[in-house]
Amino acid sequence: MHLTRYTDYALRTLIYLGINEGRTCTIPEIAERHQISKNHLMKIVHQLGREGLIDTVRGRGGGLRLARTPQTVSVGEVVRLTEENLNIVECFDGTTNQCQISSVCVLSSSINDALAAFLDVLDGVTLADIIKPERELAKLLGLKRA
């Protein structure tokens, strides 16, 4: 299983907002701290806002903040929202499947079970869990902590 950069950056954005809970953060700030493209991050932030994971605050002093508590955001949810395609093998997509043995293949059901188990594990991990080493994360991102 390989997750896209889009999902990686979405999770990094949520981590950043999680360790900066209580204040708004900006796209340029997050992009600089994570050394990722501001333009790419804008697309991600737009989707996370549309999906209700973050709030965007306009105007002076505006920026981004979590829309929900870190305990209520599961990594599995974020993966499902940000990954366009979880079709690990060709036969998972009925419209493009060209596999000659898919009608009797046992392997595809095992792979499907593995994908379900993967997502089940990620459903049990929350943003609160992954921001637990808050001081260390803040230090690695060059943030000053009170």
Side-chain angles (χ1 to χ4, degrees), residues 1-99 102 107-146:
M1 179 80 205
H2 177 79
L3 298 178
T4 61
R5 281 190 186 157
Y6 190 92
T7 297
D8 179 29
Y9 294 170
L11 289 166
R12 289 192 211 183
T13 299
L14 293 170
I15 288 168
Y16 193 88
L17 296 175
I19 65 173
N20 284 284
E21 206 169 15
R23 77 172 186 89
T24 56
C25 304
T26 66
I27 290 173
E29 172 189 349
I30 297 167
E32 179 184 330
R33 297 294 182 176
H34 282 295
Q35 299 179 352
I36 57 180
S37 162
K38 186 174 76 168
N39 290 335
H40 197 57
L41 191 56
M42 287 171 59
K43 296 174 197 170
I44 293 164
V45 164
H46 178 72
Q47 181 183 7
L48 294 175
R50 245 187 15 249
E51 299 292 348
L53 293 173
I54 63 172
D55 285 328
T56 55
V57 181
R58 294 184 181 261
R60 186 178 181 129
L64 314 169
R65 62 180 175 224
L66 290 177
R68 296 169 26 195
T69 63
Q71 296 81 2
T72 66
V73 178
S74 83
V75 174
E77 174 186 10
V78 176
V79 168
R80 284 182 186 87
L81 291 173
T82 56
E83 285 295 318
E84 284 185 19
N85 183 347
L86 290 173
N87 295 334
I88 296 175
V89 290
E90 176 186 345
C91 60
F92 280 18
D93 186 346
T95 60
T96 60
N97 181 18
Q98 297 294 314
C99 180
S102 62
L107 179 60
S108 64
S109 66
S110 296
I111 294 173
N112 195 44
D113 291 347
L115 174 61
F118 173 76
L119 291 170
D120 189 47
V121 168
L122 295 181
D123 286 338
V125 179
T126 67
L127 181 57
D129 296 326
I130 61 177
I131 64 171
K132 277 185 183 167
E134 188 174 331
R135 287 181 188 231
E136 294 85 352
L137 288 168
K139 184 177 179 181
L140 290 169
L141 291 169
L143 300 172
K144 294 186 177 17
R145 306 307 290 179

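Since we're looking at a predicted model, the values are computed, not measured. Start at 1 with the first residue, then count along the sequence.
Without hydrogens or angle criteria, E83 side chain to T4 main chain gives a donor-acceptor distance under 3.5 Å. Proximity of a side-chain donor or acceptor of E51 to a complementary backbone N or O of T82 within less than 3.5 Å is not detected.
At least one side-chain heavy atom of L17 sits less than 4.5 Å from a side-chain heavy atom of I30.
The line from CD1 of I27 to CD of E32 is 14.0 Å long, rounded to the nearest 0.5 Å. With rounding to the nearest 0.5 angstrom, the CG atom of L66 is 6.5 Å from the CG atom of L14. Distance CZ/R23 to CG/L64: 10.5 Å, rounded to 0.5 Å. Here CG of L119 is found 4.5 Å from CG of L115. Values are rounded to the nearest 0.5 Å. For the atom pair I54 CD1 and T13 OG1, the distance stands at 7.5 Å (nearest 0.5 Å). Here OG of S108 is found 9.5 Å from CG of D113. Values are rounded to the nearest 0.5 Å.
Among all heavy-atom pairs drawn from V78 and A10, the shortest one is CG1-CB, 4.3 Å. Closest approach of G62 and T24 over heavy atoms only: O-OG1, 3.7 Å. Nearest heavy-atom pair, L137 versus I131, reported as atom, atom and distance to 0.1 Å: CD1-CA, 3.8 Å. Across every non-hydrogen atom of L81 and Q47, the tightest pair is O-NE2, 2.6 Å. Of all the heavy atoms in T126 and Q71, the pair that sits closest is CG2-O, 3.5 Å. Taking all atoms of both residues into account, the shortest heavy-atom contact from A31 to S37 is CB-C, 4.4 Å.
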Verify side chain to side chain contact (heavy atoms under 4.5 Å, CB included) between I19 and L141, making sure each step is shown before the conclusion. CA-CA 10 Å; I19 65 173; L141 291 169; 3.8 Å; yes

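Evaluation of the salt bridge (charged side-chain N to carboxylate O under 4.0 Å, His left out) test over residues 65-81, restricted to residues two or more places apart or in two chains, returns R68-E77, R80-D123.
E84 and Y6 share no donor-acceptor pair across their side chains, judged by distance under 3.5 Å alone.
Residue R50 places its CZ atom among more than 12 non-hydrogen atoms of other residues, nucleotides or ligands, all under 6.0 Å distant.
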